[in-house]
Amino acid sequence: MSDYPFQSIEQKWQSFWETQKTFRTPENVDTSKPKYYVLDMFPYPSGIGLHVGHPLGYIATDIVSRYKRMKGFNVLHPMGFDAFGLPAEQFAVEHGVHPRVTTENNIDNMLRQLKAIGLSYDWDRKLATTDVDYYKWTQWIFLKLFNSYYDSDLDKARPIEELVTQFEGTHAGWSNLSETDREAILAEHRLAYLAEVPVNWCPQLGTVLANEEVTNEGRSERGNYPVFRRPLKQWMLRITSYSDRLADDLDGVDWPEPVKMMQRNWVGRSEGAHVDFPVNGLEGKLRVFTTRPDTLFGATYMVLAPEHEWVDAITTPEYQAEVKAYRKATSEKTDIDRMSDSKTKSGVFTGGYATNPVNGTQIPIWIADYVLAGYGTGAIMAVPAQDERDWAFAEVYDLPIIRTVQPTEGFDGKAFTGDGLAINSGFLNGLAIKEAKAKMIEWLEAEGHGQGTINYKLRDWLFSRQRYWGEPFPILRGEDGSVRAVEEKDLPVALPPMEDFRPTATDDPNAPPRPPLSRAPEEWRIVEIDGKRYERELNTMPQWAGSCWYYLRFIDNKNEVSFAQSEKENYWMGPNGVDLYIGGVEHAVLHLLYARFWHKVLFDLGYVSTIEPFGRLFNQGYIQAYAYRDERGIAVEATETVDQDGKPAMEVQDQPGRKFFYKGQPVTQEYGKMGKSLKNAVSPDEVNEKYGCDTLRLYEMYMGPLEASKPWNTRDIVGVNRFLRRVWRNFVDEESGAILVSDSEPTDAQLRILHKTIVRMTTDMERMSFNTAIAALIEFIAEFVAEDTIPRAVAEPFVLMLAPLAPHLAEELWQRMGHSESLAYAPWPVAEEKWLVEDTIKLVVQVNGKVRSTINVPTDASKEAILEASKSDENVARYLEGVSIQREIYVPGRLVNIVVG
RNA sequence: GCCGGGAUGGCGGAAUAGGUAGACGCAACGGACUUAAAAUCCGUUGAGCAAUUUGCUCGUGCGGGUUCGAGUCCCGCUCUCGGUACCA
C-alpha cells in the first residue's frame with residue numbers, strides 16, 4: 001500500500017519551504033537579473049474563511065511565480081490582508097468581539113488555508129492594513145495629500161508651500177489676511193480638504209459612503225441598507241483634478257478592455273460648452289452645460305435641478321407655492337423613488353423666463369428632477385427635438401419643439417439624436433454636427449455668451465467614515481474650528497483601544513452622526529500644542545485607503561524611515577509597475593481607480609517612479625455552482641440536496657431529468673457565483689483532505705481558461721487526481737518505494753514527445769493557458785504508462801515542468817531522483833529543435849475544401865511531389881475523375897486543397 | 001435603453017496567424033485483471049446514413065455574405081452573463 005501519499009508529501013514540503021525560506025525574496029537582490037512582480041488583490045480576512053473560488057487567482061499567480069523563478073527572474077510575490085473597514089467591523093459587531101481580535105483570528109485562519117495550498121509567497125513580507133507600522137504610512141500619504149495642491153498649468157500635484165510662496169508674490173494682501181482666511185483659501189486647493197457636501201448617509205451603518213459604495217437601488221453595497229442624501233461636513237479627496245490623466249493613462253496599460261472602459265465611463269469625460277442665459281429681472285446670467293451647443297437655436301425651455309440655488313430668485317410670486325411643494329417632494333424622495341418614477345417626467349414652471357442668447361427668444365424656466373444638481377451646472381437648456389429626455393418632458397407639458405438637425409429620410413421617431421445637417425439654425429444651417437458645434441462655440445466665445453468646456457461625471461472622493469475600525473486621520477481640530485495636520489514625526493496616530501467600538505446606528509436619517517471615536521478617552525482625543533487645545537479628528541478613513549498603496553509597501557515592508565526605499569521601488573516597480581496583477585473584476589472601478597489616483601499623486605511629488613501602479617491587470621473568472629431554493633425561495637445547503645434517487649445533487653446536477661429535494665422537500669435548481677448567500681460554497685479544506693492540494697490546484701486550473709467563469713463540478717476532480725496518481729505509480733515502485741527512473745538512453749520517440757511537450761508547456765505558461773498545459777502533461781505521461789522505468793533524461797524535465805502546477809509532488813520526485821536541493825530555482829527545460837522535426841508529416845488532402853484523405857510525405861518533400869502524391873491517392877482520385885482541376889492549393893505542413901470545376 | 005463579454009458533444013473545455021472541429025478530462029458503455037469489489041489497464045463514444053472494410057451527408061446559437069477553405073473575418077438577429085443608467 002503506497003498509493004500516492006499526498007498527505008505526507010504535502011506536509012513535508014510545506015514545512016520544508018517554510019523552514020528553508022525557499023521563497024524569501026532577499027532584501028537586496030542581484031539587480032542585473034530581470035525582475036517580475038506578481039501580485040494578487042489581497043483578501044478581506046472574513047470570518048467564514050475561503051471557499052474554492054477565492055484561491056483561483058492565487059493559484060494562478062503562484063504558478064506564474066514558480067515558472068518565472070525557474071526562468072531566472074527575481075520574483076516578488078507577497079501577500080497581505082485588507083483588514084480595516086466595514087466587513088471586518090460588521091463581523092466584530094455581530095459577534096460582540098473587538099475587531100482587533102476577530103481580525104487577527106480571521107487572518108490566522110486564512111493564513112492556514114493559504115499555506116495549505118502550497119502558495120509560494122514570501123511570507124516575511126506579509127502585512128495587514130491594520131498593522132500600526134503599516135497605517136502609519138497610510139496616514140503619511142494622507143498628509144501628503146493634505147499638504148499638496150494641483151497645479152493645473154503644470155498638470156501635476158505640488159507641495160502646498162509652493163502655492164503659498166506664489167500667493168505671497170501675486171495675491172494682493174495675502175500677508176494681511178488672517179490665519180483663518182488664508183487657510184480657507186488653501187483648503188480650496190488642497191488635495192485633501194473638508195467640505196460641506198451632500199453625502200450618502202447610511203443611518204443603519206452609522207456612516208457616510210462614497211458614491212461607489214452605493215448600489216443602483218440607492219442602498220449600501222455592504223449590508224444593503226437604505227442610503228439618504230444629506231449635507232455634512234466631511235473630508236474629501238480631490239480626485240477630480242486627475243480626471244483627464246486617469247482616463248488618458250489607461251491607453252498605456254495592458255488591462256482588459258472592459259475594465260478600461262468601465263473606468264473611462266466612471267470618469268465620464270464629455271466635451272461641450274457653457275452657455276450663459278440672461279434671466280428676466282435678475283442680475284447675472286444662468287449658466288448651463290451642454291454637449292450640443294450646435295442645437296442652441298432649438299432650445300425652447302430651460303430646466304433647473306430643484307435644488308438649484310437660483311430657484312427662489314427666479315420663481316415669480318404666483319408660482320411660489322407650486323415650486324415650493326415640488327422641491328419639498330423631491331427632497332423627500334429617496335433615490336429609489338426617483339428611479340421608479342423615471343418613466344414619466346415631472347416638473348413645474350417657475351414663472352420665470354430666460355433669453356436665448358443666440359436669437360433673443362424668451363424661453364420659460366422650469367424645475368424638474370430629471371436634471372441633477374450634481375452634474376454640470378445643475379441647469380440645462382432643453383432641446384426636445386434632439387434629446388429624448390427633453391422630448392418626453394416637452395410632450396408631458398406641451399412645450400414647443402423646433403428641429404435643428406435634419407433627420408435622416410424616413411425617420412419617424414421623436415427626438416433625433418443622429419448626425420445630420422443643421423436646419424432652423426441661422427448661421428449654422430447646412431453644417432454637420434461637428435462643424436456646427438465648433439462654429440457655435442466660436443460664436444459664443446466671440447460674443448461673450450459662453451465657452452467650450454469639458455465636464456466629468458467623476459466627483460471628488462468622500463473620504464470620511466463615522467466608524468471605529470479604520471485609520472485615524474492625522475488631523476487636529478482647534479476649538480476655533482481651525483484644522484492642523486499632525487507632524488510627520490508624530491505619526492502614527494494609533495487607534496485608541498475602546499471597549500465600545502460600535503457605530504451609533506439609527507433608523508432616523510436626520511440624527512446627527514456620532515463617530516465611535518467621540519467616545520474615545522480624553523487622553524487620546526485631546527492634544528495640547530503650544531498651550532492650544534486640539535481635538536483629534538474623530539472620523540476614520542474608508543476601507544479603500546489601506547488598499548490604495550499596499551503594493552508599494554511589499555517592496556520594503558520593514559522600512560522605518562520611508563514607506564519604501566527608492567532604489568528598491570525603482571527596481572521592483574520599473575518600468576511599468578506591477579508586472580502582473582490578478583483579481584476579480586468587481587474592483588474595476590473602486591480599488592483600481594483610487595489606487596491609480598494615489599499613485600499619481602505620489603508620482604507627482606517624486607515618491608514613485610512610474611505613472612501607473614499596475615502595468616498588467618488580469619481578471620480571473622468566478623467559480624460558479626448550482627444552488628437550490630425551497631418553496632419559500634430560501635437557499636438551502638447544496639451539499640445536503642439530493643435527487644429523486646437519493647444521489648447527492650453535487651454528483652448528478654448537470655444530468656438531464658433530475659428533480660431535487662432538501663430534507664424531503666422539493667427544491668428548485670439555479671446556478672450562480674459560489675458564495676455564502678447561495679449556500680453553495682465548497683471549502684478548499686474538504687478537497688485538500690480528500691485529494692490533496694496538488695489535486696486542488698490542478699483541478700482549479702484545469703476547469704477552463706483563467707479569465708472565464710466556470711462551474712465547480714466536484715465529480716470532475718478525480719480526473720486530475722488520477723493523473724497525479726498515475727505519475728506517482730510511474731515514478732515510484734508501489735511495493736518497494738524505489739524510484740523507477742533509469743539511466744538508460746531514451747528512445748527517439750520519447751525525446752520527440754518530451755521536446756514537443758516542452759514547447760507546448762512553455763507557450764502555455766507564457767500565455768497563462770494552464771488548462772492546456774495540464775493536458776500536455778497528461779498526454780506526456782500517457783506515453784509512459786506501459787513502461788517499467790522512465791529514462792532520467794526525460795523524467796527530469798517532466799518533473800520540472802510539473803513543478804509550478806503540482807509543486808509538492810514534483811519536489812518529492814525530484815528529491816527521490818537524487819537531488820538534494822529544491823527544484824524551485826532549477827532552470828526550466830529548453831526544447832531542442834532537432835527533436836521537433838519529424839521525418840514524415842501527415843497532410844490533409846481536400847477536394848473543394850472537403851477532407852477526402854490524408855497522406856504521409858517526407859518532411860522535405862517538394863510541392864510538386866506532394867501534389868502528385870495527393871492526386872494519386874485512391875480516395876482523392878475518385879473525385880478528380882471527369883472534372884478539370886482549376887486550382888491547387890498547398891499550405892506547407894498543413895494541407896492540400898484541389899479545386900475542381 | 002446604452003456599453004461590453006459569451007454561446008462548440010450528455011458535462012467542463014481544445015482548436016496560438018482563415019487550413020483535419022471536438023485535444024485533454026468527466027460521465028456513459030464494452031472488455032481485461034480479480035473469488036469479488038475497489039484501484040488499474042485496454043477499447044468505444046457529435047448526429048445520421050450505409051456497411052466486411054474503403055465510405056457518404058449534416059454539424060461550432062439563428063439568417064445571410066466574403067473565401068479554394070469560416071468555430072475563427074464581415075452584415076443582420078436571438079439568447080445569456082456582466083457593467084451602467086435621466087450625466088444634458
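Convention: sequence-line order gives letters A, B, ...; per-chain numbering from 1. Bear in mind the structure is a predicted one, so any value in this text is a computation, not a measurement.
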May I ask you to decide whether A/Arg264 forms a salt bridge with A/Asp251, counting only side-chain N to carboxylate O separations under 4.0 Å? yes
Any stem touching RNA chain B, meaning at least three consecutive Watson-Crick or G-U pairs under 3.5 Å, ordered by first number, would be B:1-7 with B:78-84, B:10-12 with B:24-26, B:28-32 with B:40-44, B:46-49 with B:55-58, B:61-65 with B:73-77
Indicate, with a heavy-atom threshold strictly under 4.0 Å, whether A/Arg878 touches base, sugar-phosphate, or nothing. sugar-phosphate
I'd like the P distance from B/U60 over to B/U52, given in whole Å. 31 Å
Nearest to side-chain heavy atoms of A/Tyr370, which nucleotide of B/A23, B/U20, B/C86: B/C86
Strictly below 4.0 Å, N to O, side chains only: are A/Glu271 and A/Lys437 in salt-bridge contact? no
For a quick check of understanding: with a heavy-atom distance under 4.0 Å over all strands, which category does A/Arg760 fall into, base, sugar-phosphate or nothing? nothing
Hits for side chain to side chain contact (heavy atoms under 4.5 Å, CB included) against A/Ser709, two or more places apart or cross-chain, chain-then-number order -> A/Tyr622, A/Gln624
For atom P, what is the distance between B/C26 and B/U40, given to the nearest Å? 10 Å
How far does the P atom of B/A37 sit from the matching atom of B/C29, given to the nearest Å? 15 Å
Side chain of A/Val851 only, please: which of B/A15, B/G13, B/A21 is the nearest? B/A21
When you compare B/U45 with B/A39, how far apart are their C1' atoms, in angstrom units rounded to a whole number? 23 Å
Looking at every strand, decide which applies to A/Pro256 at a 4.0 Å heavy-atom threshold: base, sugar-phosphate, or nothing. nothing
Give one of base, sugar-phosphate or nothing for A/Lys457, where a contact means two heavy atoms less than 4.0 Å apart. base
When the C1' atoms of B/C81 and B/G30 are compared, how many Å lie between them, rounded to an integer? 40 Å
A/Asp694: which residues meet the salt bridge (Lys or Arg N to Asp or Glu O under 4.0 Å) condition with it, sequence neighbours left out? none
Could you pull out the protein-nucleic contacts involving nucleotides 68-75 of chain B (nitrogen or oxygen on both sides, under 3.5 Å)?
{"residue": "B/C68", "atom": "OP1", "partner": "A/Arg887", "partner atom": "NH1", "Å": "2.9"}
{"residue": "B/C68", "atom": "O2", "partner": "A/Asn897", "partner atom": "ND2", "Å": "2.3"}

Sugar-phosphate means primed atoms, P, OP1 and OP2; the rest is base. With that split, encode nucleotides 40-46 of chain B 5' to 3' as B, S or - using protein heavy atoms under 4.0 Å. SSS----
Distance under 6.0 Å and angle within 45° of the ring axis: does A/Lys863 meet both against A/Tyr890? no
Value rounded to 0.5 Å, distance of CG in A/Leu286 from CD1 in A/Ile380: 11.0 Å
Just jot down the side chain to side chain contact (heavy atoms under 4.5 Å, CB included) partners of A/Asp873, sequence neighbours excluded, or say none. A/Ser853, A/Ile855, A/Asn875, A/Val876
Holding to salt bridge (Lys or Arg N to Asp or Glu O under 4.0 Å), I want the full list of residues that pass it with A/Glu707, two or more places apart in sequence or in another chain. none
Distances under 3.5 Å between protein N/O atoms and the N/O atoms of nucleotides 49-53 of chain B, please, pair by pair.
none

As a test of the definition: with a 90° window around 0 for syn, would you call B/G9 syn or anti? syn
Options B/A88, B/A27, B/G13, nucleotide nearest the side-chain atoms of A/Val718: B/A27
Could you pull out all residues at least two apart from A/Leu740 that satisfy side chain to side chain contact (heavy atoms under 4.5 Å, CB included)? A/Asp733
With RNA chain B as reference, determine whether A/Met262 or A/Asp387 sits nearer its 5' end, using the nearest nucleotide of each. A/Met262
Just call it for A/Val891: base, sugar-phosphate, or nothing, with non-hydrogen atoms closer than 4.0 Å on any strand. base
Could you measure between the two P atoms, the one in B/U44 and the one in B/G22, and give it in whole Å? 14 Å
Identify, with sequence neighbours excluded, every residue that meets salt bridge (Lys or Arg N to Asp or Glu O under 4.0 Å) alongside A/Arg287. A/Asp276
Taking any heavy-atom pair under 4.0 Å as a contact, classify A/Tyr879: base, sugar-phosphate, or nothing. sugar-phosphate
For residues 373-382 of chain A, which residue pairs pass the side chain to side chain donor-acceptor pair (under 3.5 Å) check, not counting sequence neighbours? A/Ser270-A/Tyr375
Could I get the full list of salt bridge (Lys or Arg N to Asp or Glu O under 4.0 Å) partners for A/Glu388, not counting sequence neighbours? none
Look at all strands and tell whether A/Lys850 reaches a base, only sugar-phosphate, or nothing, counting heavy atoms closer than 4.0 Å. sugar-phosphate
Which heavy atom in A/Ile582 sits nearest to a heavy atom in A/Gly57, and how many Å separate them? CG2-CA, 4.1 Å
Considering heavy-atom distances to RNA chain B, does A/Asn265 or A/Leu895 have its closest nucleotide positioned more toward the 5' end? A/Asn265
